[in-house]
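Presented below is the structure to which this report refers.
Just so you know, ligand 1 is whichever comes first in the structure, and atom 1 is the first atom listed for that ligand.
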Amino acid sequence: MLLRTEGLTRHFGGMAALDGVDVEVREGEILAVIGPNGAGKTTFFNVISGLLRPTQGRVMFRGQDITHLPAHEVARRGIARTFQTPTLFMESRVIDNVMVGHRLHTRSGFWDAILRTPRHRREENESLERGMAALETVGLDHAADLPVRSLSQEARKRLAIALALATGPRLLLLDEPTAGLHADETGTIARLIEKIRASGITVCLIEHKMRMVMGLADRIVVLSYGRKIAEGTPREIASDPAVVEAYLGGEHVA
Ligand SMILES: Nc1ncnc2c1ncn2[C@@H]1O[C@H](COP(=O)(O)OP(=O)(O)OP(=O)(O)O)[C@@H](O)[C@H]1O
């Protein structure tokens, strides 16, 4: 087991955005987290990645309790994530955006940078290499020197994934990686996710596009009102009465 949440609970005021959620992420799989709007999916990612403290419950990663670690420490241990709305530096070059991600793992400080110490130079070279490798994975190595603003919407999504890959994760959390994209662009991202998994990185994604989820995920976890209501293979989920009810009962039909 790569990651396990136990009784994960998060309240906002009187409301439980997550309510006793037990989820296991297996090494090497693509796990999709789905559910109607407001089901708690993003909150689930925020708690795992250390951006939010759970009210109750635990997060275990590679056998260690990471529940109370700050976000940068969770990232250092091997969990990277993307956000629904990526924060990119539009006027900076593509490669510079990616190198910021890798610096999370470097040790040079302010004085190393000012004095251009050997350690700083070595780490800069390493950041560049890692950054270029991440860009190559997502198919943006040819665009390394272009400003981010010149990229299409779809290429920016891939860049956001490259930023996460540059941190060298074991587990990649993708929050709606295809939001706002057309069907053919969605296919490109799906193939990229398969490629990332083939490289040995475990993927957990939040996704609303059912066709994509059904074709891509090994397993699916369904959240509704903060609770896990179903879990299984795409085939099992598609015919699960509780899932059909959760989607048809709300205003959201995928
Ligand atoms: N920081 C916050 N403060 C207060 N309430 C919040 C906060 N974050 C999330 N919530 C509430 O928690 C519930 C779950 O939200 P969350 O964003 O996790 O759902 P989601 O499944 O990701 O939804 P969507 O599919 O719309 O992105 C919602 O009712 C939301 O309004």
Problem set entry | Carboxylate-amine/guanidinium contact R170 E27, below 4.0 Å | yes
Exercise. Do any heavy atoms of G35 fall under 4.0 Å from ligand 1?
Worked result: no
Problem set entry | Check ion pair E24-R26 (N to O, under 4.0 angstrom) | no
Exercise. Are a donor atom and an acceptor atom from the side chains of E207 and T178 found within less than 3.5 Å of each other?
Worked result: yes
Exercise. With atoms numbered from 1 as shown, which atoms in ligand 1 lie under 4.0 angstrom from a non-hydrogen atom of H208?
Worked result: 25 (O)
Exercise. Distance only, no hydrogens: is a donor on one side chain within 3.5 Å (strictly under) of an acceptor on the other, for R10 and N46?
Worked result: no
Exercise. Looking at atom 31 (O) of ligand 1, would you say a protein heavy atom lies below 4.0 Å from it?
Worked result: no
For this session: Report yes if some N/O of G38 lies less than 3.5 Å from some N/O of ligand 1; otherwise report no.
Result: yes
Exercise. Would you call Q84 a ligand 1 contact, heavy-atom distance under 4.0 Å?
Worked result: yes
Seminar exercise, completed: On a heavy-atom basis, the closest approach of D96 and S92 is CB-CB, 4.5 Å
Problem set entry | Atoms in ligand 1 flagged as close to N37, the criterion being non-hydrogen separation under 4.0 Å | 23 (O), 24 (P), 25 (O), 26 (O)
For this session: Specify the protein heavy atom at minimum distance from atom 3 (N) of ligand 1: its residue, its atom name, and the distance to 0.1 Å.
Result: F12 CD2, 3.4 Å
Seminar exercise, completed: closest protein heavy atom to atom 16 (P) of ligand 1 is T43 OG1, 3.6 Å
For this session: Applying side chain to side chain contact (heavy atoms under 4.5 Å, CB included), run through L223 and V221 and close with a yes or a no.
Result: CA-CA 7 Å; L223 298 182; V221 163; 4.3 Å; yes
Exercise. Hey, is atom 13 (C) of ligand 1 touched by any protein heavy atom at less than 4.0 Å?
Worked result: yes
Problem set entry | Protein heavy atom at shortest distance from atom 17 (O) of ligand 1 | T42 CB, 3.8 Å
Exercise. Judged by modelled atom types alone, do T233 and D218 share a side-chain donor-acceptor pair under 3.5 Å?
Worked result: no
Exercise. To which of H11, M15, R10, K41 does the heavy atom nearest atom 20 (P) of ligand 1 belong?
Worked result: K41
Exercise. Would you say ligand 1 has an N or O under 3.5 Å from any N or O of E176?
Worked result: no
Exercise. Relative to the heavy atoms of A39, which atoms of ligand 1 are at a distance of less than 4.0 Å?
Worked result: 19 (O), 20 (P), 21 (O)
For this session: Ignoring hydrogens and angles, state whether a donor on the side chain of T202 or E29 is under 3.5 Å from an acceptor on the partner side chain.
Result: no
Exercise. Going by distance only, is there an N or O of G40 that falls short of 3.5 Å from an N or O of ligand 1?
Worked result: yes
For this session: Indicate whether the side chain of K209 and that of T186 have a donor and an acceptor atom separated by less than 3.5 Å.
Result: yes
